[in-house]
Amino acid sequence: GQSLEQPSEVTAVEGAIVQINCTYQTSGFYGLSWYQQHDGGAPTFLSYNALDGLEETGRFSSFLSRSDSYGYLLLQELQMKDSASYFCASDSNYQLIWGAGTKLIIKP
Amino acid sequence: DTEVTQTPKHLVMGMTNKKSLKCEQHMGHRAMYWYKQKAKKPPELMFVYSYEKLSINESVPSRFSPECPNSSLLNLHLHALQPEDSALYLCASSQDREGTDNEQFFGPGTRLTVL
């Protein structure tokens with residue numbers, strides 16, 4: 001079957017760094033996307049990795065290792081507004097296969 | 001304009017009603033999607049339109065009927081829904097299904113309650 005696994009919840013302190021891991025098992029894999037969703041809001045795109053390595057966009061970075069079927073999202077200098085759910089999604093056979101989501105809780 | 005709009009924001013309907021959800025984008029995107037999302041769950045793909053043609057239908061019950069009148073509009077017609085169909089319905093669009101990053105832009109969603 002097709003599946004992505006990510007932790008259900010991660011807690012961190014404001015100003016710290018947090019890493020959210022994602023392992024995937026999908027066919028026809030093209031790349032790994034990350035989306036952020038605040039409670040009551042819609043998902044918003046954060047990043048996409050098609051090739052191995054690190055992609056950096058401001059405070060957020062995303063990493064992919066195709067050989068390990070593994071990726072992560074790194075959030076630096078955490079702010080209270082980063083409290084949200086984060087989804088990894090595999091771009092497979094022209095559609096997104098979504099992980100269950102990681103709820104990020106940030107404490108002051 | 002990098003926005004996907006959806007109407008209505010909230011909808012309450014009975015099991016015998018017929019209603020429609022509407023979605024619009026003016027980014028020139030050629031792929032449009034309907035998702036259903038239950039609380040604390042990821043979005044669940046329902047339908048994909050590519051170049052105004054239905055390309056993916058994820059075994060959705062026939063009480064949900066999608067329509068793509070043109071490249072900017074996407075409708076979801078609802079008929080004889082069940083209470084378990086209550087959810088957030090999200091519309092999204094992307095450049096096309098084979099884009100380099102396939103970034104999907106989501107609308108704010110329609111919160112549907114079926115009584």
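Keep in mind that the numbers below use all heavy atoms, side chains included, and drop hydrogens, waters and symmetry copies. All values reported here derive from a predicted model rather than from experimental measurement. Lettering follows sequence order; numbering is per chain, from 1.
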Asks: Mark yes when over 12 heavy atoms from residues, nucleotides or ligands other than A:Gln25 sit less than 6.0 Å from its CD; otherwise mark no.
Replies: no
Asks: Mark yes when over 12 heavy atoms from residues, nucleotides or ligands other than B:Lys18 sit less than 6.0 Å from its NZ; otherwise mark no.
Replies: no
Asks: Hey, what do you get for CD (B:Glu103) to OG (A:Ser47), rounding to the nearest 0.5 Å?
Replies: 10.0 Å
Asks: Looking only at heavy atoms, which two atoms of B:Leu88 and A:Gly41 are closest? And how far apart?
Replies: CD2-O, 4.4 Å
Asks: In Å, rounded to the nearest 0.5 Å, how long is the span from CZ of B:Phe105 to OG1 of A:Thr44?
Replies: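 So the gap between those two atoms works out to 10.5 Å.
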Asks: Are there more than 12 heavy atoms of other residues, nucleotides or ligands under 6.0 Å from atom CD of A:Glu77?
Replies: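 No, not enclosed.
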Asks: Under 4.5 Å, heavy atom to heavy atom: which of residues 98-108 of chain A reach chain B? Give them by number, or say none.
Replies: A:Trp98, A:Gly99, A:Ala100
Asks: For the CD atom of A:Gln95 and the OG atom of B:Ser55, what is their distance to the nearest 0.5 Å?
Replies: 9.0 Å
Asks: Could you look at B:Glu58 and say if it's the side chain, the backbone, both or neither that has a heavy atom under 4.5 Å from chain A?
Replies: side chain
Asks: Looking at A:Glu5, I'd like to know if its CD atom is crowded, meaning that more than 12 non-hydrogen atoms belonging to other residues, nucleotides or ligands lie closer than 6.0 Å.
Replies: no
Asks: If you count every heavy atom of other residues, nucleotides or ligands that lies below 6.0 Å from B:Asn70 atom CG, does the total exceed 12?
Replies: yes
Asks: Donor-acceptor pair, A:Tyr35 side chain versus B:Gln104 backbone, under 3.5 Å?
Replies: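 Present.
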Asks: Is it true that atom CG of A:Leu51 has more than 12 heavy atoms of other residues, nucleotides or ligands lying nearer than 6.0 Å?
Replies: no
Asks: Let me check something: do A:Leu4 and A:Trp34 share a hydrophobic cluster, defined by ILVMFWY side-chain heavy atoms less than 4.5 Å apart, either directly or through other members?
Replies: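 Shared cluster, yes.
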Asks: Applying the 4.5 Å side-chain criterion to the ILVMFWY set and letting contacts propagate, would B:Leu78 and B:Met32 be lumped into a single cluster?
Replies: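 B:Leu78 and B:Met32: one cluster.
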Asks: Apply side-chain contact (heavy atoms from CB on, under 4.5 Å) to residues A:Phe45 and B:Phe106 and explain how you reach the verdict.
Replies: CA-CA 9 Å; A:Phe45 175 84; B:Phe106 283 81; over 6 Å; no
Asks: B:Pro43 versus chain A, heavy atoms under 4.5 Å apart: side chain, backbone, both or neither?
Replies: both
Asks: Among pairs that include at least one residue of residues 55-80 of chain B, which meet ring pair (Phe, Tyr, Trp, His ring centres under 6.0 Å), considering only residues two or more places apart or in two chains?
Replies: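 Listed once each, the pairs are B:Phe64-B:Tyr89.
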Asks: Give the cluster check for A:Val18 versus A:Leu46: same hydrophobic cluster or not, with ILVMFWY residues linked at side-chain heavy-atom distances below 4.5 Å.
Replies: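 Same hydrophobic cluster.
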Asks: Using non-hydrogen atoms and a 4.5 Å limit, figure out which bit of B:Glu44 sits close to chain A: side chain, backbone, both or neither.
Replies: neither
Asks: Treat each ILVMFWY residue as a node, draw an edge where side-chain heavy atoms are under 4.5 Å apart, and state whether A:Ile97 and A:Tyr70 are in one component.
Replies: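 In one cluster: no.
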Asks: For chain A, which of B:Ala92, B:Pro108, B:Pro42 has the most heavy-atom pairs under 4.5 Å?
Replies: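 Counting heavy-atom pairs under 4.5 Å, the top option is B:Pro42.
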